[in-house]
Every structure is written in C-alpha cells, then in structure tokens.
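When a ligand or atom number is given, it counts from 1 through the structure's own listing order.
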Amino acid sequence: MNIDNKHVVITGASSGIGAALAREFHRAGACVTLVARREPLLAALTDELGKGSRYLVRDVTAGDPEEWLGDAESSGPIDVFVNNAGINEPGPFAFLDPRVGKRTIEVDLLAPLALAGVVVPRMLARRAGVLVNVSSVAALVPPAGMTWYAAAKGGLAGFSECLAAELTGTGVEVLTVYPGPIDNGAPQATYDLYGRASVAARLPVGKAAALAKQIRLAVLRRRRRLIYPRFYAPARWLPSLVRWLVDRGTPGLPALPGVRTTRSLIASRKEG
Ligand SMILES: NC(=O)c1ccc[n+]([C@@H]2O[C@H](COP(=O)([O-])OP(=O)(O)OC[C@H]3O[C@@H](n4cnc5c(N)ncnc54)[C@H](OP(=O)(O)O)[C@@H]3O)[C@@H](O)[C@H]2O)c1
C-alpha cells in the first residue's frame, strides 16, 4: 500500500511506540490522527508534525467507538488503523489487584477488538484498508510476572491472526506486530522484575523509531506479521526451544528489596 496521503489513525499515540508511528507515517506522507488521553502530549506532537496531523482526546475503553471513529473519519476514511494503546502492570499474579488486571484486559484486548469491530466493516465496504494490532512477544512466550498482560496480548494476537486469515482476498489486510522489549522504560521494568543480573535483563532491546519504520514497511508490503527485534523471531518459529530457554532464564521472580515479588511476598506473609 502506498502511504502517500493515506489516513492513518493510531491509538496510544501520545508517547512511546505510538508517537514514533505518528512521526514515521507522517514523514512518509500520510495524514495522521493521533488518539490518546494526555492532551498536552498530543498537542505538542501535532504541533511538531504540523499540516496533515490532528488528534482526538479519547480513552479507548470509554464511549461509543462508532461515534468517535466517526469523528476520526471527518478528515477522510481510515486507510490504516493501528491498535497500539496498551498498558502493562507487571508483578506477581497472586498479589496483583485483580482490578488492575481487568483494566489490562479492557485496554489491551477488549478495546482493540471493539475498535476493529467498527473499522473492519467500513474497510470491507471499500475493499481496502489495513488493520495493525500491536501485540507483544509476551504473547508468543509468556514470561513470569506478566500474567494479565500475556493473557491480553495472547488474546489480541489470536484474534489478529484469525482475522487476517478470515479476510484473505477481501482487499483488507491485518498485520500482527510482536514487539520484544523496546527502549522506552522496558529495560528498567525488566530489572525491577527479574533483577539486573538475570538473563532477561541482558536480552536485546529495540528502539521505538526502528520498530515504527518496520511497521510502516510491513504495511507497505502487506505483511501479516512482524517480530521486532529479529532476535525474538525464534519465539514464533521454534516455540518449544524458546520456551525451554525462557524457563531456565527466568525460573521465577527474584526477591528484590522494595519490589513486591511472589517469593518476597510469600516469605513476608509466612513471617507475619
Ligand atoms: N515498550 C515495550 O517494551 C513493548 C513491548 C511489547 C509490546 N508493547 C506494546 O506496544 C504498545 C505501545 O506501548 P509503549 O511501550 O509505547 O507504551 P507507552 O509509552 O506507555 O504508550 C502507551 C500509549 O497507550 C496510551 N493509552 C494507554 N491507555 C489508554 C486508554 N485507555 N485510552 C487511550 N490511550 C491509552 C497512552 O496514552 P495516554 O496515557 O495519553 O492515554 C500511550 O500513548 C502497547 O500496546 C504495548 O503493550 C510495548
């Protein structure tokens, strides 16, 4: 798909990967609509991008998607829709507030499906369009400490791959993106979870701008899936071997000072 003058709508575009996607698609000639909750960040980014960019302040889990996607379409039909908004609250499942977990399912799984439910029929009516779903390598090899997140991203990946197969030959494409750790905060989160000396903390970390470029090229080439950094591709092609390695690299969550991990919490409860 040629991106020039196409209308690209990106959820979660106020920071991180979403902001990098906005810059990447805009630089390539697309008109971008940025969606997120933090208006000052969205306003600053559209100021930076200038003509051909606008924003909508929306919570992807709130309101009627039919209505606010209608607002998004006021500047033209949506050619590319990127389900990127997401949250991740890692920690030991047994002690995580289930309300936080359920929120992860709402933002990372239910909202993207609801939005796809509005966008895809409109694309089908035009027999053209690309839906991009940003899942995670955690969907392929769920790591310790990310139970709710892996459940949400695994669900999103399953949905996305299924829909891609279903829409074959319709003119509407679905791209499933599996990012590994990306440089906006991911390394620190990994240290907090597994410890600085763990294998997990030494794994390659990608860059948001490089991922955004890969996503644009994958849309252009009508690819169905993208794993970035490439280091993580074996998670798809050799899942049993990678699962075995991950089990050995992160056997559980270490007890770190000040971090509420499964082991430290179980220990403190026993002592209490
Ligand atoms: N960073 C990584 O290592 C990594 C790895 C694999 C997958 N991913 C996935 O990549 C996507 C982007 O993550 P990121 O690393 O760029 O994180 P980020 O910098 O925290 O960005 C998340 C974006 O989602 C938006 N968002 C969160 N909740 C929202 C809601 N209810 N409604 C609307 N927007 C919402 C945030 O905007 P507001 O707060 O302004 O609403 C923000 O723009 C996520 O789906 C994430 O799971 C990230």
For residues 136-156, which side-chain N or O atoms pair as donor and acceptor with protein atoms under 3.5 Å away, sequence neighbours left out?
residue, atom, partner, partner atom, Å
Ser136, OG, Ala138, N, 2.9
Lys153, NZ, Val134, O, 2.9

Q) Would you say the side chains of Ser135 and Arg225 form a donor-acceptor pair under 3.5 Å? A) no
Q: Count the heavy atoms belonging to other residues, nucleotides or ligands that lie under 6.0 Å from CZ of Arg230, then report whether that count exceeds 12.
A: no
Could you tabulate the donor-acceptor pairs under 3.5 Å formed by side-chain atoms of residues 207-220, not counting sequence neighbours?
residue, atom, partner, partner atom, Å
Arg216, NE, Glu24, OE2, 2.5
Arg216, NH2, Glu24, OE2, 3.1

Q: Non-hydrogen atoms closer than 4.0 Å to ligand 1: which protein residues do they belong to? List them by chain and number, please.
A: Gly12, Ala13, Ser14, Ser15, Gly16, Ile17, Ala36, Arg37, Arg38, Arg58, Asp59, Val60, Asn84, Ala85, Gly86, Ile87, Arg103, Val107, Val134, Ser135, Ser136, Tyr149, Lys153, Pro179, Gly180, Pro181, Ile182, Asn184, Ala186
Listing, residues 78-91 side-chain donor-acceptor contacts under 3.5 Å, not counting sequence neighbours, or none:
residue, atom, partner, partner atom, Å
Asp79, OD2, His7, N, 2.7
Asn83, ND2, Pro112, O, 3.1
Asn83, ND2, Asn133, OD1, 3.0
Asn84, ND2, Thr11, O, 3.1
Asn84, ND2, Gly12, O, 3.0

(Q) Assess whether a salt bridge exists between Glu106 and Arg99, defined as any Lys/Arg side-chain N lying under 4.0 Å from an Asp/Glu carboxylate O. (A) no
